[in-house]
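Basis for what follows: all heavy atoms, side chains included, without hydrogens, waters or symmetry-related copies.
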Amino acid sequence: MIDVLYFAWVRERIGLPREQVQTQATTVAGLVDELRTREERYALAFSDLSSLRVAVDQELTDFDAPLAGAREVAFFPPMTGG
Amino acid sequence: MRIVVQEQPFDLGAEVSAFAAGRHDLGAVVTFTGVVRDDPAKPLAQMMIEHYPGMTEKALEKIATEAQARWPLGDVLVIHRFGVLHPGEQIMMVATAARHRKDAFEAAEYLMDYLKSRAPFWKMEKGAAGEGWVAARSADEDALKRW
């Protein structure tokens with residue numbers, strides 16, 4: 001089981017801030033593929049990966065990142081701090 | 001180094017006065033304050049700032065640690081708020097202290113450039129015209145290339 005978190009408009013499109021996901025995926029991209037097949041709202045949220053950023057265990061990374069040992073994966077739009 | 005992520009306002013004057021106080025070897029203190037900006041053409045009622053608790057603090061620490069590695073800083077302070085803010089309210093501040101002003105100025109700019117697009121905050125604006133997430137600007141991403 002892995003904790004999957006969503007922020008900003010990704011959270012709004014999917015309709016929840018976090019969930020536990022049972023996954024066979026070995027990379028972030030594999031997890032995205034699994035989520036996309038779930039329901040339309042997931043397919044919509046993940047329709048354009050270039051507009052998304054990902055963090056694995058609270059470290060910013062990319063979609064090729066491995067999931068081995070990961071506890072937490074977060075998806076969100078480009079950040080707008082400051 | 002001090003990193004603070006909080007919902008409530010901070011006291012800018014008190015923070016600046018206390019920052020690097022008693023360090024007589026530091027001749028330069030630079031501060032930057034971010035303020036919620038209104039737009040007369042598109043009046044803003046409020047700004048809601050969402051963040052990623054846990055990662056936010058780590059990301060800010062990483063950015064501040066990198067600044068300390070690049071410039072000889074005596075101290076670094078980052079305060080960033082989240083939650084609902086209104087036009088004119090202070091969103092965040094950074095302060096840097098160094099022996100000389102060039103290092104303090106450059107480090108403050110570096111901190112700002114990085115926390116704009118590498119710290120997990122997202123802004124939503126609400127106004128008469130409705131609400132919407134603030135899109136990241138490509139200029140902010142480009143700003144990182146100079147470092």
Side-chain angles (χ1 to χ4, degrees), chain A residues 1-21 23 27-29 31-32 35 41-82, chain B residues 3 5 32-37 47-64 66 78-82 85 90-94 108-125 131-144:
Chain A
M1 290 290 252
I2 194 163
D3 283 321
V4 182
L5 284 71
Y6 311 107
F7 291 95
W9 59 252
V10 184
R11 170 178 54 70
E12 290 179 334
R13 283 190 197 175
I14 289 172
L16 72 178
R18 69 188 298 154
E19 61 185 323
Q20 289 210 309
V21 173
T23 180
T27 64
V28 172
L31 173 64
V32 168
L35 291 169
R41 58 195 167 107
Y42 288 91
L44 193 69
F46 291 108
S47 59
D48 177 13
L49 293 191
S50 70
S51 66
L52 289 181
R53 301 291 179 268
V54 60
V56 173
D57 289 334
Q58 304 189 351
E59 287 278 352
L60 205 58
T61 184
D62 51 49
F63 287 86
D64 297 329
L67 282 186
R71 293 184 309 260
E72 188 172 296
V73 178
F75 297 102
F76 41 78
M79 295 157 272
T80 51
Chain B
I3 307 290
V5 180
F32 172 85
T33 314
V35 177
V36 180
R37 180 180 56 230
M47 175 178 276
M48 196 277 293
I49 301 178
E50 181 170 330
H51 81 118
Y52 183 172
M55 179 175 167
T56 308
E57 292 80 356
K58 279 187 205 172
L60 293 175
E61 256 177 50
K62 191 174 167 186
I63 295 165
E66 182 61 28
V78 179
I79 303 178
H80 204 303
R81 296 176 62 194
F82 60 91
L85 288 86
Q90 291 155 353
I91 305 176
M92 51 81 56
M93 68 169 291
V94 301
E109 280 212 80
Y110 173 92
L111 288 172
M112 284 312 303
D113 281 350
Y114 269 84
L115 71 82
K116 274 247 165 221
S117 43
R118 292 291 183 274
F121 290 98
W122 301 274
K123 294 184 181 127
M124 175 187 260
E125 292 178 338
E131 60 178 46
W133 292 98
V134 175
R137 296 164 61 233
S138 58
D140 289 337
E141 190 64 31
D142 291 344
L144 303 186

Review point. So which part of A:Arg53 gets closer than 4.5 Å to some heavy atom of chain B, the side chain, the backbone, both or neither?
Key: neither
Practice item. Please state whether the side chain, the backbone, both or neither of A:Ala8 comes within less than 4.5 Å of a heavy atom of chain B. Key: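 For A:Ala8, backbone and side chain are both near chain B.
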Practice item. Decide if atom CZ of A:Arg41 counts as having more than 12 heavy atoms of other residues, nucleotides or ligands within a radius under 6.0 Å. Key: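 Count over threshold, so yes.
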Check your understanding: Can you tell me how far the CD atom of A:Gln58 sits from the CD atom of B:Glu57, to the nearest 0.5 Å?
Key ->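 One gets 8.5 Å once the value is rounded to the nearest 0.5 Å.
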Revision key, fill the gap. dist B:Glu50:CD -> A:Glu12:CD (nearest 0.5 Å) comes out at 8.0 Å
Region of [X] in contact with chain A, defined by heavy-atom distances below 4.5 Å:
X        : answer
B:Leu115 : both
B:Lys58  : side chain
B:Ala135 : backbone
B:Arg118 : both

**Study point:** Residues in residues 72-82 of chain A that sit under 4.5 Å from chain B, counting heavy atoms only
**Key:**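 Checking residues 72-82 of chain A against chain B gives A:Glu72, A:Ala74, A:Phe76, A:Pro77, A:Pro78, A:Met79, A:Thr80, A:Gly81, A:Gly82.
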Review point. Shortest non-hydrogen contact from A:Phe7 to B:His51?
Key: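 Looking at all heavy atoms of both residues, the closest pair is CE2-O, 3.4 Å.
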